[in-house]
Amino acid sequence: MRETKQSDITIELKRGDIANQSDIDAVVNAANAELRIGGGVAGAIHRAAGPELTEETRSMAPIEPGEAVISGGHNLPNDYIIHCLGPVYGRDEPSDELLANCYKKALDLAEDHQIERIAFPAISTGAFGYPMNDAARVAFKTVKERVDTLEYVSLIRFVLFSEGDIAVHEDVMEEVFG
Ligand code: ADP
C-alpha cells in the first residue's frame with residue numbers, strides 16, 4: 001500500500017527529497033535541539049531555505065525531544081516549516097512516546113495554522129538511530145488516532161529517501177491501515 005484514504009484524508013508515501021516538495025504547504029524538519037543546520041534532513045532544509053531560517057529559529061531554540069515549533073518557509077517552496085526534535089534511540093526515553101509526540105504536535109501546529117498539505121520525513125531514523133519499521137509504526141498509529149479530528153489537513157505525505165525505506169513503510173502502512 002502506497003496510499004490510503006482515512007476519514008477523507010489522503011496518506012501517501014513518496015520517494016524524494018523533503019526540501020523539494022513544491023505542492024505542499026508545510027514540510028517537517030527532523031530538527032536538532034538548536035534548530036540549526038545539521039546533517040540529513042536538517043541540512044537539506046536549512047540549505048534550501050537559506051540563512052534567514054536560522055535567524056528566525058534562533059529565538060525558539062533549544063527544543064526538547066518530542067517538541068515541535070513552526071517557522072516560515074523562507075526560500076523553500078512551502079509556506080511553513082515545522083521543526084520536530086525526535087528522540088535519540090536508546091537515550092531519550094520512552095522513545096516511542098517522544099516520537100509519537102513529534103507527529104501529534106506537528107499535526108496540532110498544522111491545524112492551528114489551517115494547513116492543508118503536510119509532508120514528513122522519517123523522523124529519528126537517520127543520525128538518531130530509530131529502527132525504520134518501528135518508527136513507521138509509531139508514525140502511522142499516531143496519524144491514525146488523529147485523522148478523525150483533523151479539520152484542515154487533507155493530505156499527509158511521508159517522504160522517504162530510498163526504495164528500501166518505501167518498502168518498509170508500505171508493509172507497515174498495510175499493517176496499520178489495511
Ligand atoms: P534524525 O536526526 O531525526 O535521525 P536525519 O535527518 O538524520 O534525522 O534522518 C531522518 C531520515 O531522513 C533518515 O531516514 C534519512 O535517510 C532521511 N533523509 C535524509 N535526508 C533527507 C532528505 N533530504 N529528504 C528526505 N529524507 C531524508
Side-chain angles (χ1 to χ4, degrees), residues 2-3 11-51 53-54 57 60-71 73-78 80-107 109-110 117-143 155-173:
R2 274 203 184 197
E3 186 181 314
I11 302 157
E12 65 178 19
L13 308 179
K14 192 177 170 192
R15 185 174 178 189
D17 181 349
I18 191 73
N20 188 22
Q21 303 295 317
S22 55
D23 58 341
I24 288 289
D25 305 307
V27 289
V28 174
N29 181 15
N32 47 62
E34 298 304 324
L35 300 174
R36 287 211 287 254
I37 191 165
V41 168
I45 284 184
H46 277 264
R47 271 192 302 278
L53 173 60
T54 321
T57 51
M60 305 179 209
I63 62 169
E64 299 285 319
E67 207 182 326
V69 294
I70 191 164
S71 75
H74 299 278
N75 293 334
L76 276 178
N78 319 100
Y80 299 101
I81 304 167
I82 296 175
H83 307 263
C84 295
L85 177 62
V88 174
Y89 194 70
R91 190 190 76 186
D92 300 321
E93 299 290 355
S95 57
D96 54 346
E97 244 173 67
L98 294 171
L99 186 59
N101 285 346
C102 286
Y103 287 94
K104 274 185 208 155
K105 290 184 180 170
L107 289 170
L109 282 171
R117 293 162 299 180
I118 184 169
F120 286 95
I123 300 169
S124 281
T125 64
F128 286 0
Y130 212 116
M132 186 70 70
N133 59 339
D134 292 337
R137 202 168 287 114
V138 170
F140 291 149
K141 281 186 172 169
T142 308
V143 165
L155 172 70
I156 303 174
R157 177 179 293 164
F158 287 84
V159 178
L160 288 324
F161 229 19
S162 71
E163 269 309 310
D165 295 344
I166 292 262
V168 169
H169 279 74
E170 279 186 314
D171 288 349
V172 180
M173 199 177 209

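Worth knowing before you read on, the calculation uses all heavy atoms, side chains too, and leaves out hydrogens, waters and symmetry mates. Counting convention: from 1, in listed order, for ligands and their atoms alike.
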J.: Counting non-hydrogen protein atoms only, what is the nearest one to atom 16 (O) of ligand 1? Give residue, atom name and distance.
T.: Phe161 CD2, 3.9 Å
J.: Side chain to side chain contact (heavy atoms under 4.5 Å, CB included) for Arg2 and Met173? Distances and angles first, verdict last.
T.: CA-CA 8 Å; Arg2 274 203 184 197; Met173 199 177 209; 5.8 Å; no
J.: Gly129 to ligand 1: N or O pair under 3.5 Å?
T.: no
J.: Return a yes/no value for Ala19: is any of its N or O atoms, backbone included, closer than 3.5 angstrom to an N or O of ligand 1?
T.: no
J.: At what distance is the nearest protein heavy atom to atom 24 (N) of ligand 1, and which residue and atom is it?
T.: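 Atom 24 (N) of ligand 1 sits closest to the protein heavy atom Ile18 N, 2.9 Å.
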J.: Backbone N or O of Arg36 within a donor-acceptor pair of the Asn32 side chain at under 3.5 Å?
T.: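 Between the backbone of Arg36 and the side chain of Asn32 there is a qualifying donor-acceptor contact (under 3.5 Å).
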J.: Determine the interplanar angle of the Phe158 and His169 rings, folded into 0 to 90°, and report it as parallel if under 30°, tilted if 30 to 60°, perpendicular if over 60°.
T.: tilted
J.: With a 6.0 Å cut-off (strictly less than), is the heavy-atom count around CD of Glu64, excluding the residue itself, greater than 12?
T.: no
J.: Hey, is Gly43 one of the residues with a heavy atom under 4.0 angstrom from ligand 1?
T.: no
J.: Examine Ala127 against ligand 1 and note whether any of their N/O atoms are separated by less than 3.5 Å.
T.: yes
J.: Can you list the atoms of ligand 1 that are under 4.0 Å from a heavy atom of Ala44?
T.: 23 (N)
J.: Nearest protein heavy atom to atom 13 (C) of ligand 1: under 4.0 Å?
T.: yes
J.: Tell me the protein heavy atom at minimum distance from atom 10 (C) of ligand 1, and give that distance in Å.
T.: Ala122 O, 3.3 Å
J.: Considering the heavy atoms of Asp17, write down every atom of ligand 1 situated less than 4.0 Å from one of them.
T.: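 Close to Asp17: 22 (C), 23 (N), 24 (N).
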J.: List every atom of ligand 1 that sits less than 4.0 Å from any heavy atom of Met132, numbering the atoms from 1 in the order shown and giving each element.
T.: 14 (O)
J.: Return the residue, atom name and 0.1 Å-rounded distance of the protein heavy atom closest to atom 18 (N) of ligand 1.
T.: Val41 CG2, 3.7 Å
J.: Using the side-chain contact (heavy atoms from CB on, under 4.5 Å) rule, pick out the option among Leu160, Leu107, Val27, Asn29 that qualifies with Phe120.
T.: Leu107
J.: Tell me which protein heavy atom sits closest to atom 8 (O) of ligand 1, plus the residue, atom name and distance to 0.1 Å.
T.: Ala30 CB, 3.6 Å
J.: Would Ile123 count as being in polar contact with ligand 1, using the rule that some N or O on each side must be under 3.5 angstrom apart?
T.: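 Such a contact does not occur with ligand 1.
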J.: Measure the distances from the heavy atoms of Ser124 to every atom of ligand 1 and state whether one is below 4.0 angstrom.
T.: yes
J.: Could you list which atoms of ligand 1 come closer than 4.0 Å to a heavy atom of Gly16?
T.: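 So the atoms of ligand 1 that pass are 24 (N), 25 (C).
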J.: Is there a donor-acceptor pair closer than 3.5 Å between any side-chain N or O of Arg157 and the backbone N or O of Lys14?
T.: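 A pair under 3.5 Å: no.
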J.: Tell me, yes or no, whether the heavy-atom count around Lys141 atom NZ, taken from other residues, nucleotides or ligands under 6.0 Å, exceeds 12.
T.: no
J.: Measure from the side-chain N and O atoms of Asn78 to the backbone N and O of Ile24, and report whether any donor-acceptor pair falls under 3.5 Å.
T.: yes
J.: Can a donor-acceptor pair be found, under 3.5 Å and without considering hydrogens, that links the side chain of Ser124 to the backbone of Pro87?
T.: yes
J.: Any side-chain to backbone donor/acceptor pair from Thr57 onto Leu35? Under 3.5 Å, distance only.
T.: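 Answer holds: yes.
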